Each structure stands twice: as structure tokens, then as C-alpha cells.
Amino acid sequence: MNASRVLVLNSGSSSVKYQLLDMRDRSRLAVGLVERIGEGTSRLTHSPAGGADREWTGPVADHDAALKAMAAELDRDGLGIDSPELAAIGHRVVHGGIRFSEPTVVDDEVMAEIERLIPVAPLHNPANLTGIRTARALRPDLPQVAVFDTAFHTTMPESAARYAIDVETADAYRIRRYGFHGTSHAYVSRETARLLGREPEEANVIVLHLGNGASASAVRGGRCVDTSMGLTPLEGLVMGTRSGDVDPAVIFHLTRVAGMSADEIDTLLNKRSGLIGLCGDNDMREIRRRIDAGDERARLAFDIYVHRLRKYIGAYCAVLGRVDAIAFTAGVGENAAPVREAAVAGLEGLGPEVDPVLNAARAEGPRLISPPGARVAVAVVPTDEEMEIATQTYALVSDSSDLT
Ligand code: ADP
């Protein structure tokens with residue numbers, strides 16, 4: 001097959017992120033973002049490989065207009081989406097339920113199933129669908145591949161995936177733990193095995209994806225066996241604006257004593273909790289700056305964040321039994337040395353150790369931050385969800401073209 005380019009689209013409710021990759025050498029040909037779609041001040045930023053960045057502001061009415069603006073920018077670089085070099089378009093889709101455990105070529109039936117999952121992903125799946133629909137209209141002849149955030153977690157055993165609630169109610173409303181950030185957990189767990197010089201099948205890894213959203217996963221021999229996010233991305237770790245785990249009784253307590261509605265509590269737990277709810281800031285850089293200046297609220301927010309992280313590390317050591325490595329990734333995990341140090345401090349009994357000098361050194365690329373000989377290696381492994389989506393997309397379309 002000659003076509004070797006894959007366009008990766010990540011469509012949010014008011015933004016579209018895109019990357020054009022050449023899978024022959026896994027190089028990035030262009031990267032861009034259209035944001036504030038539907039507002040008068042939409043903005044497009046576009047960075048072609050080896051060229052100057054471009055940016056403009058103006059009205060972009062909807063996703064259709066956003067993808068057309070993207071296509072025009074790619075055209076200017078001689079990378080037009082009409083090119084026969086383009087093999088497929090890979091779409092990030094947040095919720096694939098239990099059905100989609102693999103990347104999937106989109107047809108009408110797949111669209112309908114993604115639509116059926118909207119009740120469990122009301123913020124994300126509609127935007128993802130809009131992106132797919134628009135891209136299909138632009139290049140109806142091209143395979144559109146959906147890569148699901150939940151897919152990597154479909155290997156979780158029922159003991160980890162089910163909540164202990166009435167089975168009939170759970171099944172009737174598809175209530176179970178799906179997990180998210182799966183593309184990142186898949187990529188990072190595999191890269192961590194590679195860093196250890198092992199095959200993914202031979203490594204047990206705890207991945208800590210700490211961005212604005214945050215999740216942990218326990219990966220045994222390349223397969224996810226537990227993860228911290230659940231029915232929605234609200235469960236688990238303390239995040240930038242989300243509470244993570246709370247006693248579910250907090251919700252009915254608030255309805256009874258504060259008269260809050262379901263929507264108000266949804267907003268409270270998703271948007272006004274986590275680090276921002278605790279101290280007013282959700283950026284770890286700002287929190288560290290405030291801690292250095294002696295701010296007590298920022299200190300407490302940091303301590304609560306780290307305490308939850310340590311509980312999950314301990315839990316996943318127990319889930320896995322034998323752990324080969326703990327990998328930190330995403331904005332906080334890749335950059336915040338104090339978080340990594342505090343998350344692992346004093347856990348030598350369980351195996352992981354962090355070398356303070358290696359941890360503090362600024363570097364790019366996957367690297368170990370544990371001292372040689374640590375029983376459990378600790379690593380920083382930058383995530384690359386777009387590359388993973390492109391890789392999975394290309395593998396699927398190359399395979400299917402071989403069959404035809
Ligand atoms: P998203 O979940 O939006 O994809 P990212 O993975 O980009 O998030 O992470 C964003 C977060 O990473 C920021 O909110 C900030 O807390 C943190 N972050 C980014 N850079 C740094 C840094 N240099 N030091 C500490 N924290 C950082």
C-alpha cells in the first residue's frame with residue numbers, strides 16, 4: 001500500500017485538534033488546533049513541519065467550517081486531504097462501551113452505536129460524532145477509523161469492572177467501570193516495557209496519567225487489569241477540577257441538606273472540585289509556586305492530591321502482585337518532579353524508589369528516575385496519544401487493504 005499518511009482528529013465540543021503523520025517514518029507533517037468553535041473569536045493555530053507557525057482569529061461557525069479551515073491550511077503546505085498519500089483518518093472517540101475493544105472502521109452501524117453511548121458520555125461522544133460525520137463528508141472514499149479511549153480497559157476482569165450494586169439495575173443502565181485515557185495507558189505501558197528492555201507481555205506496569213484529568217492503571221503483561229476512572233472520568237484520582245473518589249452519599253446528602261439538583265452536583269464534582277476546589281488553582285506550577293511562598297491552602301491541596309495517588313499505587317501493587325515499573329506521564333506526571341518524589345517517598349518496602357538527582361533533571365523522552373537496582377523501576381514516559389491513534393489506524397487499514 002502506497003498511501004502512508006494518517007490524519008488524526010480529536011474533536012471536542014468547541015475545538016478540533018489535528019495532526020497529520022507519515023507512518024513510513026512516524027514523522028509529524030503538521031499539527032494544529034481550531035478552538036472556540038461557534039464563537040466570534042475562534043482561533044486556528046497551524047504548525048507545518050519545517051515551516052513557520054501560522055495563526056488566525058475569526059469566526060468559525062461549526063465543526064464543518066473548522067475542518068474546512070484545517071483542510072485549507074494543509075493545502076497551503078501541499079499536504080491537502082485530497083492527496084492520494086492519505087491512507088485514513090483516525091478519530092479519537094471517548095466512549096466505546098464494552099463493545100469496542102479494538103480500533104474500528106466507521107460505518108453507519110458503528111456511528112449508531114457511538115450515538116447509543118451518549119448517555120454515558122454526554123460531553124464527549126456528540127462532539128466526536130460530529131467530527132467523524134464532517135470528515136466522512138469531506139472524504140467519503142477514505143476509511144475513517146474510531147480509536148476509543150475505553151478500548152484498552154475492556155480487558156479488565158469483571159471483578160474490577162463491576163460496581164457492587166444490584167446487577168439488574170447495573171445492566172439495565174450499562175453501569176460499570178469503563179475507564180478512560182486508554183490510548184495513553186496503552187502507549188505508555190508499552191513504551192515503559194521497551195525502556196526496561198522487555199516485551200510488553202513480560203512487564204507489569206502501573207501507569208499514572210496525570211494531566212488536568214488524571215487516571216491510574218494496572219497493566220499486567222500488556223493488558224489492563226484495573227483502572228481508576230469508572231462509568232465516567234470522574235472516579236479515582238484527585239484531578240485539576242474533578243473530585244475523584246467521594247462517598248456516593250455526598251450526592252444525596254447535598255440534595256437533602258443543600259437542595260442541590262443533579263446538574264448542580266455534577267458541576268460541583270466535575271468543575272469546582274479537585275485542585276481548583278481545594279485551593280483555587282488547578283495548574284500544578286502555580287500550586288508549587290504558592291507552596292514555596294508558604295501558602296497553606298495550596299500545601300493542603302497538594303497533600304490531598306499526593307495522598308490519593310499513593311493509595312492507588314499501593315492498591316495496584318496489590319492488584320498486580322509483582323510490579324516491574326511505575327510510569328508517570330501527561331502534563332503533571334512528565335513535568336512535576338515534586339509530585340513524583342512525594343508519590344513514591346517512603347514506599348521502598350513495596351519496591352519503588354526515586355533518585356532525587358535523576359528526578360529533578362529536565363530531559364525529553366522516556367527515562368528512568370529510579371536508582372539502579374531499585375526493585376521497582378520508576379520512569380517518566382511522555383505520552384503521545386496522536387501517534388498511538390495513528391499507529392492503530394494505520395495498522396487497521398494496512399491489514400484490511402492486504403486482505404482485499
Ligand atoms: P490535559 O488533561 O488537558 O491533556 P495535560 O496533560 O496537558 O492536560 O496537563 C496539563 C496540566 O499539566 C496543567 O494543568 C498543569 O497542572 C500541568 N503542567 C504542565 N506543565 C507543567 C510543569 N512544567 N510543571 C508542573 N506542572 C505542569
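All values reported here derive from a predicted model rather than from experimental measurement. First listed ligand is number 1; within each ligand, the first listed atom is number 1.
Between Asp281 and the choices Arg290, Arg288, Arg289, the side chain to side chain donor-acceptor pair (under 3.5 Å) rule is met once, by Arg290.
Protein heavy atom nearest atom 2 (O) of ligand 1, with residue, atom name and distance: Asn212 N, 3.0 Å.
Distance screen at 4.0 Å: atom 8 (O) of ligand 1 has a protein heavy-atom neighbour inside the cut-off.
When non-hydrogen atoms are compared, ligand 1 lies under 4.0 Å from neither the backbone nor the side chain of Leu210.
Using bins of under 30°, 30° to 60° and over 60° for the plane-to-plane angle, the ring pair Phe100/Phe148 lands in the parallel bin. Ring geometry for His181 versus His209: interplanar angle under 30°, hence parallel rather than tilted (30 to 60°).
Between the NE2 atom in His46 and the OH atom in Tyr18 there is a gap of 5.0 Å [rounded to 0.5 Å]. A distance of 9.0 Å separates CG in Asp149 from NE2 in His185, rounded to the nearest 0.5 Å.
Taking all heavy atoms of Thr241, Ile276, Asp283, Val339 into account, the minimum distance to atom 13 (C) of ligand 1 is reached by Asp283. Here atom 27 (C) of ligand 1 lies nearest to Gly331 when heavy atoms of Gly333, Gly331, Ala337, Gly240 are compared. Looking at Glu385, Glu334, Arg285 and measuring to atom 25 (C) of ligand 1, the nearest heavy atom belongs to Arg285. Scanning Ile287, Asn335, Asn282, Asp281 for the heavy atom closest to atom 21 (C) of ligand 1 points to Asn335.
Of all the atoms in ligand 1, the ones that sit under 4.0 Å from a non-hydrogen atom of Val332 are 12 (O), 16 (O), 17 (C). Each of the following atoms of ligand 1 lies closer than 4.0 Å to a heavy atom of Met284: 15 (C), 16 (O), 26 (N). Below 4.0 Å from some heavy atom of Ala330 lie the following atoms of ligand 1, by number and element: 6 (O).
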- [ ] Run the numbers on Asp226 and Tyr312 for side-chain hydrogen bond (donor to acceptor under 3.5 Å, both in side chains), then give the verdict.
- [x] CA-CA 11 Å; Asp226 204 354; Tyr312 272 91; over 6 Å; no
Task: Worked check of salt bridge (charged side-chain N to carboxylate O under 4.0 Å, His left out) between Lys68 and Asp64 - done: CA-CA 6 Å; Lys68 285 191 174 133; Asp64 188 42; 3.1 Å; yes
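Contact between Gly213 and ligand 1 is present, with at least one heavy atom of the residue lying under 4.0 Å from the ligand.
The shortest N or O to N or O distance between His209 and ligand 1 is not below 3.5 Å.
Of the N and O atoms on the side chains of Tyr163 and Glu235, at least one donor lies less than 3.5 Å from an acceptor on the other residue.
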